[in-house]
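Notes follow once the structure below has been shown.
Throughout, a chain's letter reflects where its sequence line sits, starting with A, and its residues are numbered from 1. Just so you know, these numbers use all the heavy atoms, side chains as well, and skip hydrogens, waters and symmetry mates. Computed from a predicted structure; not experimentally measured.
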2 protein chains.
Amino acid sequence: MKKEDTRRFEAQSQIIKALAHPTRLFIAEELGKGERCVCELTGMIGADTSTVSKHLFIMKNAGIIECEKRGTNMYYTLKMKCVLSFFSCVNQVLQKKAAEQLQFV
Amino acid sequence: MKKEDTRRFEAQSQIIKALAHPTRLFIAEELGKGERCVCELTGMIGADTSTVSKHLFIMKNAGIIECEKRGTNMYYTLKMKCVLSFFSCVNQVLQKKAAEQLQFV
DNA sequence: CATGATTTTGGTTATATTACCAAATAGCCA
DNA sequence: TGGCTATTTGGTAATATAACCAAAATCATG
């Protein structure tokens with residue numbers, strides 16, 4: 001593999017990693033519905049605020065979401081809506097796995 | 001977040017994690033072109049055979065690829081072609097990031 | 001300015017991931 | 001069978017992730 005390809009795959013994997021966590025998938029799906037502040041997300045997720053804040057940082061850093069401060073609140077929005085298209089494929093994989101499991105019953 | 005949602009997001013993230021590594025992205029892209037045996041992939045990747053084998057296991061376990069043994073070789077194929085659609089979105093994110101970087105020069 | 005609310009940052013610990021080496025396994029063929 | 005090739009599995013060490021708590025930073029408001 002060429003060095004330039006390695007860099008490309010590293011950059012790509014950084015973005016995919018930014019989605020590869022249950023909490024971050026939830027955030028992506030939730031922000032797909034509209035903007036949310038950290039406290040709203042924290043309430044829904046049920047983790048420490050600092051934990052949620054760090055998840056948001058990872059996603060923002062990857063370029064998936066963006067934020068805007070209004071008052072004391074930080075509002076996050078989904079910048080790259082296309083990541084929502086991941087879900088349909090992922091669910092296809094899950095369905096296929098489930099169907100295959102059934103064959104062995 | 002409900003318990004059942006948590007399980008769903010965990011299952012989804014397991015699949016996305018199976019793609020969230022440079023080597024595994026390479027494998028996905030390569031298998032998108034056709035079946036490959038472990039030794040072919042190992043040659044292209046330039047890592048230990050056991051390392052590549054473990055990457056393949058993770059992807060197979062996630063339901064993304066499947067394999068078939070012929071002789072002493074194990075041939076892997078991309079089972080869920082839809083994962084290739086991830087790339088287009090990921091590249092959009094990368095392009096947008098690159099474009100934004102340029103603004104600050 | 002002091003207070004309270006929201007968010008981020010720093011620090012620590014626990015867990016997960018990854019790479020490599022060595023050894024085991026499986027299949028082919030002389 | 002014995003040896004050769006391809007692949008997987010087990011073990012270990014290094015690194016990366018992730019959770020929580022505490023503390024700092026930011027902003028509105030009395």
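- The side-chain hydrogen bond (donor to acceptor under 3.5 Å, both in side chains) contacts involving residues 34-50 of chain A comprise A:Glu30-A:Arg36, A:Glu35-A:Arg70, A:Asp48-A:Ser50, where partners must be two or more places apart or lie in separate chains.
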Show me the protein contacts with nucleotides 28-30 of chain D, counting only N or O atoms at under 3.5 Å.
none

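- In terms of position on DNA chain D, the residue among A:Ile58 and A:Lys69 whose nearest nucleotide sits closer to the 5' end is A:Ile58.
- A heavy-atom distance below 4.0 Å to DNA chain C is reached by these residues of residues 43-56 of chain A, ordered by number: A:Thr49, A:Ser50, A:Ser53, A:Lys54.
- The 12-atom threshold is exceeded at NZ of B:Lys97, counting heavy atoms of other residues, nucleotides or ligands nearer than 6.0 Å.
- Relative orientation of the B:His55 and B:His21 rings is tilted, given thresholds of 30° and 60° on the angle between their planes.
- Contact detail for A:Leu84 and A:Glu29: the closest heavy-atom pair is CD2-CA, 4.3 Å.
- Straight-line distance from the CE atom of B:Met74 to the C1' atom of C:dT25: 11 Å, rounded to whole Å.
- Across the helix from C:dC1-D:dG30 to C:dA30-D:dT1, the helix axis at one end is tilted relative to the axis at the other end by 10° (nearest 10 degrees, each axis from five pairs).
- B:Glu66 has no carboxylate O lying under 4.0 Å from a charged side-chain N of A:Lys96, or vice versa, which leaves the two without a salt bridge.
- Taking both residues in full, the closest heavy atoms of B:Asn73 and B:Cys39 are given as OD1-SG, 4.4 Å, listed atom of the first, atom of the second, then distance.
- For the atom pair CZ (A:Arg24) and CG (A:Leu19), the distance works out to 8.0 Å, reported to the nearest 0.5 Å.
- Residues from residues 6-39 of chain B with heavy atoms under 4.0 angstrom of DNA chain D, sorted by number: B:Cys37, B:Val38, B:Cys39.
- As rounded to whole Å, 9 Å separates atom P of D:dT7 from atom OH of B:Tyr76.
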Applying side chain to side chain contact (heavy atoms under 4.5 Å, CB included), run through A:Glu4 and A:Arg7 and close with a yes or a no.
-> CA-CA 5 Å; A:Glu4 104 198 35; A:Arg7 266 200 302 277; 4.1 Å; yes

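- No path of Ile, Leu, Val, Met, Phe, Trp and Tyr side chains, each step under 4.5 Å between heavy atoms, connects B:Ile16 with A:Ile58, placing them in separate hydrophobic clusters.
- In this structure the side chain of B:Phe26 never reaches within 4.5 angstrom of the side chain of A:Thr6, judged on heavy atoms.
- Rounded to an integer number of Å, the gap from B:Glu68 CD to D:dT7 C1' is 15 Å.
- Looking at B:Asn91, its side chain does come within 3.5 Å of a backbone N or O of B:Phe87 through a donor-acceptor pair.
- A:Leu56 is connected to A:Met74 through a chain of hydrophobic side-chain contacts under 4.5 Å among Ile, Leu, Val, Met, Phe, Trp and Tyr, so both are in one cluster.
- Side-chain N/O atoms of A:Asn73 include none lying less than 4.0 angstrom from OP1 or OP2 on C:dA5.
- Listed by first and then second residue, the salt bridge (Lys or Arg N to Asp or Glu O under 4.0 Å) pairs that reach into residues 71-80 of chain B are A:Glu100-B:Lys79, sequence neighbours excluded.
- The distance between atom CZ of A:Phe57 and atom C1' of C:dT7, rounded to the nearest whole Å, is 14 Å.
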